[in-house]
**Q** 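Quick one: the structure is below, and I'll ask about it shortly.
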There are 2 protein chains.
Amino acid sequence: MPVTSGGGTEVAPVGRRTQQERRSRTQTLLLDATVECLAEVGWSGTSTTEVARRAGVSRGAQQHHYPTKMELVDAAVEHLLERQRQAYEAAFAELPPERHNIEGALDLLWDVFRSPPARALLELAVASRTDAELRALCSDLNDRVLQLILDTFEQLFPRTHLPDDSIPTALRTVYAVYVGLSVQNALDDDVSGHQRAVHDQFKSLARLLIPDPDADARDTRHEAGPQGTGPGDSH
Amino acid sequence: MPVTSGGGTEVAPVGRRTQQERRSRTQTLLLDATVECLAEVGWSGTSTTEVARRAGVSRGAQQHHYPTKMELVDAAVEHLLERQRQAYEAAFAELPPERHNIEGALDLLWDVFRSPPARALLELAVASRTDAELRALCSDLNDRVLQLILDTFEQLFPRTHLPDDSIPTALRTVYAVYVGLSVQNALDDDVSGHQRAVHDQFKSLARLLIPDPDADARDTRHEAGPQGTGPGDSH
DNA sequence: ACAAACAAGCATGCAAGCCTGCATGTAAGT
DNA sequence: ACTTACATGCAGGCTTGCATGCTTGTTTGT
């Protein structure tokens, strides 16, 4: 497992590198370029030629590591998910203590959904509807992202264990809102501020349901109490 | 292949039509085919050739009416929006009286969002993010759809006049949820039922905020939620 | 009313461009 | 020497827009 340092555009002098280093470097270059390409020119604009160009490698090198376009995209998705998870956790860790709460977490999540990598994922998700091959790669993408969010949140708010029954639908509602907002945000970048307004509303609600970790020690401890995390609380 | 025009009106597939009729017919064929194409094979799969093939007209005819691909798509969007609005109103009118309420309306809206035309719009919305030309056509698409929904709902629930201030964000929240759900639905067609669960939750909430028009005489709280129509209940 | 002239609808072929995958050849590491 | 990483050229397929020619409807002159 190559553990190259994150994301940098470092081009060290091309001295003598081990095969593993060469391999790893080229692959990272290619995968980053793929994500960037998806985010900037969309799925239909993402060609292996363009990816290779952005990565600064030859088409031959690209084909050597990822013989087909699908293998390239497949690897890029894994690359992307792992990188996003790390970025989110790191960002949360660096958050000032007073924002170590659900609101801060949702703000970060919103940032994630507006980031280029997330837009790359949206491109893939939408495109995979009509592309059988791509669909095979993205079929479980929804659940994976959902699971990623769930895991991270549980890790960040270990004591806020909502009843297992209420989590799925509630979380999925939140997820749906974020996806919907991100689609619109991808279009107009929220020049009108509407998306922000919706998001603010959502944060307010979440704050009511998930108190700050610091304050929750003496308060919420009921097992089945907080039934609705999402907008709906009936049923 | 040619139909002899000598003998007057025969059992030809098409008799003598006025130019306006020919024109209108071919255009409708093309626009419907464009929407169908977008819905079935996505933006990247929608080529003028494929549209012409599906419409059953020649490429020349297509180019005659819509010289460039963008003009074709532009016309298709207008065609689509108008058609969807009519379809939604007609569907609501045919709804059994006992479902002439907000829940029935939302069910229909959910059907709309899952329909092929809506998926065509989603394709365009996502693609226009990275396509400058397309973006020019779709820049106000969000607001237009939102306005369409708003108009229709006001027409269907004339007495449910929510305070003007609360409508925008609340409606946009609902809209975001539907967009988000439709993205996911486009992927897996809700084989798991999660999207339906989220939608059900949403309907329950809406029913609390917007009572049945018929039954609101006995309901005392039809003015209850001026501040929170969406999931968020004010701050 | 008829026929010629005109315009509009429609069909087909072509050129330029791009994308993908392959196949061959070269350089670098083991 | 031998494998791996990398570079470049080629072939087939597809898309878009244009140009040319044919068919059908409409108009106009007599």
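Reckoned from all heavy atoms, side chains included, excluding hydrogens, waters and symmetry mates. First the proteins, then the strands, lettered A, B, ... as listed; each starts at 1.
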**Q** Can you tell which of D:dC6, D:dG17, C:dA8 lies closest to the side chain of A:His65?
**A**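 Nearest to the side chain of A:His65 among the choices is D:dC6.
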**Q** Roughly how many Å is it from CG in B:Leu30 to C1' in C:dA11, rounded to a whole number?
**A**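 Computing the B:Leu30:CG to C:dA11:C1' distance gives 14 Å.
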**Q** A:Arg59 has an atom CZ; how far is it from atom P of C:dG25, in whole Å?
**A** 19 Å
**Q** What pair of heavy atoms forms the shortest contact from A:Thr130 to B:Ala39, and how long is it?
**A**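 Closest heavy-atom pair between A:Thr130 and B:Ala39: CG2-O, 4.1 Å.
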**Q** Indicate, with a heavy-atom threshold strictly under 4.0 Å, whether B:Ser47 touches base, sugar-phosphate, or nothing.
**A** sugar-phosphate
**Q** Please tell me which of A:Gln63 and B:Gln63 maps to the more 5' nucleotide of DNA chain D, matching each residue to the nucleotide holding its nearest heavy atom.
**A**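 Counting from the 5' end, the first nearest nucleotide belongs to A:Gln63.
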**Q** Do the side chain of B:Ser128 and the main chain of B:Ala125 share a donor and acceptor less than 3.5 angstrom apart?
**A** yes
**Q** Output yes when a side-chain donor or acceptor of A:His199 lies under 3.5 Å from a complementary backbone atom of A:Tyr178, and no otherwise.
**A**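 Such a contact is absent between A:His199 side chain and A:Tyr178 backbone.
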**Q** Separation of A:Gln19 atom CD from D:dA5 atom C1', in whole Å?
**A**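 Taking atom C1' of D:dA5 as the reference, CD of A:Gln19 is at 6 Å.
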**Q** B:Gln20 CD to D:dG25 C1': how many Å, rounded?
**A**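 These atoms are roughly 12 Å apart.
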**Q** From C-beta outward on A:Lys69, which listed nucleotide comes closest to its side chain: C:dC10, D:dT16, C:dT20?
**A** C:dT20
**Q** Is there a donor-acceptor contact under 3.5 Å from the side chain of B:Arg54 to the main chain of B:Leu29?
**A** no
**Q** If only side-chain N and O atoms count, and only distance matters, is there a donor-acceptor pair under 3.5 Å linking B:Asp74 with B:Tyr66?
**A** no
**Q** Nearest whole Å is fine: how far is D:dC6 C1' from A:Arg22 CZ?
**A** 7 Å
**Q** Whole Å only: how far is the OH atom of A:Tyr66 from the P atom of C:dC22?
**A** 18 Å
**Q** Taking only heavy atoms on the protein side, list every residue of residues 120-137 of chain A lying under 4.0 Å from any atom of DNA chain C, sorted numerically.
**A**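 DNA chain C contact set from residues 120-137 of chain A: none.
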**Q** B:Arg53 has an atom CZ; how far is it from atom P of D:dC14, in whole Å?
**A** 12 Å
**Q** Starting at the 5' end of DNA chain C, which residue's closest nucleotide do you reach first, A:Thr48 or A:Gly60?
**A** A:Thr48
**Q** Out of C:dG21, D:dA7, C:dC10, which has the shortest distance to the side chain of B:Ser58?
**A**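 It is C:dC10.
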**Q** Which heavy atom in A:Leu106 sits nearest to a heavy atom in A:Ala206, and how many Å separate them?
**A** CD1-CB, 3.5 Å
**Q** Using whole Å, what does the distance between atom C1' of nucleotide C:dA28 and atom NE2 of A:His64 come to?
**A** 12 Å
**Q** Looking at B:Asp190 and B:Gln195, would you say the former's side chain and the latter's main chain have a donor-acceptor pair under 3.5 Å?
**A** yes
**Q** Using the closest heavy atom to pick a nucleotide of DNA chain D for each, name whichever of A:Arg23 or B:Thr18 lands nearer the 5' end.
**A** A:Arg23
**Q** At under 4.0 Å, does any side-chain N or O of A:Thr26 touch on OP1 or OP2 of D:dC6?
**A**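 Result: yes.
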